[in-house]
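Structure record follows, encoded as structure tokens.
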Protein chains: 2
Amino acid sequence: MSKPLTIGFLAKAAEVNVETVRYYQRLGIIDEPEKPLEGYRVYPAETVDRIRFIKRAQQLGFSLKEIAELLEIGDGHCDDIRIKAEHKLAHVEQQIKDLQNLKNTLNTLIKSCIADKDTSHCPIVDSLVIK
Amino acid sequence: MSKPLTIGFLAKAAEVNVETVRYYQRLGIIDEPEKPLEGYRVYPAETVDRIRFIKRAQQLGFSLKEIAELLEIGDGHCDDIRIKAEHKLAHVEQQIKDLQNLKNTLNTLIKSCIADKDTSHCPIVDSLVIK
DNA sequence: ATAAACCCTGTACTTACATACAGAGTCAAG
DNA sequence: CTTGACTCTGTATGTAAGTACAGGGTTTAT
């Protein structure tokens with residue numbers, strides 16, 4: 001007999017904190033098994049996979065709320081999931097654009113800062129203050 | 001005599017919420033003028049510029065904590081500010097890379113989803129579940 | 001002169017994603 | 001059979017950047 005998959009072993013297997021497991025249960029994105037009258041809850045092995053799924057989806061930039069929706073849709077409705085992925089993709093593309101703008105601005109500021117080294121005022125501060 | 005710059009007019013001029021002004025005061029990133037025994041606080045016009053500075057710096061991706069540091073450094077230490085901007089730039093570049101990875105992954109998933117339309121399983125779900 | 005609009009202080013609430021802790025119960029190893 | 005490690009429930013705390021509100025006081029417009 002192998003050890004029963006109690007919350008501690010589950011957390012270890014899924015590489016998350018015990019408190020995180022409880023938190024996901026509170027959110028309803030993983031099931032909480034019935035508690036036996038005496039003893040501890042035992043989790044099915046799939047719960048490990050489910051937490052891994054959640055963590056991978058987070059790395060893809062999905063929020064827990066979005067992940068909850070993905071999980072509700074479940075298998076078999078591939079189109080819905082694809083559409084959500086497409087929305088997310090559009091959002092990510094916008095984020096990249098915004099960050100590239102920011103990058104250009106910072107670059108310009110840093111360059112003018114170096115060029116203006118002798119003046120008493122800081123071009124970066126100036127650029128922020130002067131509207 | 002023009003109207004005294006009370007918190008409401010200040011907020012309007014700087015295009016922020018009154019509560020935001022109070023919040024910034026609590027954070028210590030803008031000064032709170034002395035309250036006269038009777039009547040309301042009156043703000044100097046520079047406070048409008050300061051809030052504008054904060055808002056512009058936020059748009060550049062600086063957190064309020066980072067902005068507080070910028071403001072502490074103040075003018076005259078251009079090098080320090082430039083170095084902070086350079087750190088921020090490096091961070092932004094990393095963010096862009098991460099998002100581009102995410103974008104590629106999402107794209108791949110969406111394409112495989114469309115290609116595999118007939119199978120019963122969703123490639124996106126699979127890719128998340130299987131490891 | 002009175003009512004609407006504004007200010008003051010202090011505190012509580014919001015979202016997202018957890019993390020921590022108290023006080024009790026349970027299990028497993030020596 | 002005791003002790004240390006684990007689990008349970010419920011609640012509180014943490015961050016970031018605000019927003020909201022209660023119950024007062026003050027000012028301004030009519």
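In the text below, chain A, chain B and the rest are named by the order of the sequence lines, each starting its count at 1.
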Without placing hydrogens or testing angles, list every side-chain donor-acceptor pair under 3.5 Å for residues 10-17 of chain A, not counting sequence neighbours.
| from | atom 1 | to | atom 2 | distance (Å) |
| --- | --- | --- | --- | --- |
| A:Asn17 | OD1 | A:Glu19 | N | 3.0 |

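Nearer to the 5' terminus of DNA chain C, by closest-nucleotide assignment, is the contact made by B:Gly8 (compared with the other of A:Ser63 and B:Gly8).
To the nearest angstrom, P of D:dA17 lies 8 Å from OH of B:Tyr24. Here the C1' atom of nucleotide D:dC21 and the OH atom of B:Tyr23 are 18 Å apart, to the nearest Å. Taking atom CD of residue A:Gln58 and atom C1' of nucleotide C:dA16, one finds them 10 Å apart after rounding to whole Å. Whole-Å rounding puts the A:Phe62 CZ to C:dA16 C1' distance at 17 Å. A:Glu34 places its CD atom 18 Å from the P atom of D:dT7, with the value rounded to the nearest Å. Whole-Å rounding puts the B:Leu5 CG to C:dC6 P distance at 15 Å. C:dC8 atom C1' lies 10 Å from atom OH of B:Tyr43, rounded to whole Å. Between the CD1 atom of B:Ile67 and the P atom of D:dA16 there is a distance of 13 Å, rounded to whole Å.
By the 4.5 Å heavy-atom criterion applied to side chains, A:Thr108 and A:Thr105 are not counted as neighbours. In this structure the side chain of A:Gln94 reaches within 4.5 angstrom of the side chain of A:Asp98, judged on heavy atoms. For the pair B:Asp31/B:Thr47, no side-chain contact is recorded, criterion being any heavy-atom separation below 4.5 Å from C-beta on. Between A:Lys103 and A:Asn107 the shortest side-chain heavy-atom distance falls below 4.5 Å. Side chains of A:Ile54 and A:Leu71 form a contact here, defined as non-hydrogen atoms less than 4.5 Å apart.
Ranking D:dG18, C:dC8, D:dT7 by closeness to the B:Arg41 side chain, first place goes to C:dC8. Listed nucleotides: C:dC8, C:dA18, D:dG18. Nearest to the side chain of B:Thr20: D:dG18. Among the nucleotides D:dT19, D:dT9, C:dA16, the one closest to any side-chain atom of A:Lys65 is C:dA16.
The residue B:Lys12 sits apart from the nucleic acid: no heavy atom pair falls under 4.0 Å.
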Set out, line by line, the N/O atom pairs under 3.5 Å between protein and nucleotides 22-24 of chain D.
none

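Scored by the side chain to side chain donor-acceptor pair (under 3.5 Å) test, A:Tyr40 finds no partners at all (sequence neighbours excluded). Annotation: side chain to side chain donor-acceptor pair (under 3.5 Å) contacts of B:Gln25 (sequence neighbours excluded): B:Glu32, B:Tyr43. Taking B:Tyr24 as the reference, B:Lys55 meet the side chain to side chain donor-acceptor pair (under 3.5 Å) condition, with sequence neighbours excluded.
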* Asked: For nucleotides 20-30 of chain C, read 5' to 3', which letter fits each nucleotide if B means a protein heavy atom sits under 4.0 Å from the base, S means only the sugar-phosphate is that close, and - means neither?
  -> BB---BBS---
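Contact annotation: A:Thr6 side-chain N/O to D:dC6 OP1/OP2 distance is not under 4.0 Å. OP1 or OP2 of D:dG18 sits under 4.0 Å from a side-chain N or O of B:Lys55.
With A:Arg82 contributing its side chain and B:Cys113 its backbone, the two residues share no donor-acceptor pair below 3.5 Å.
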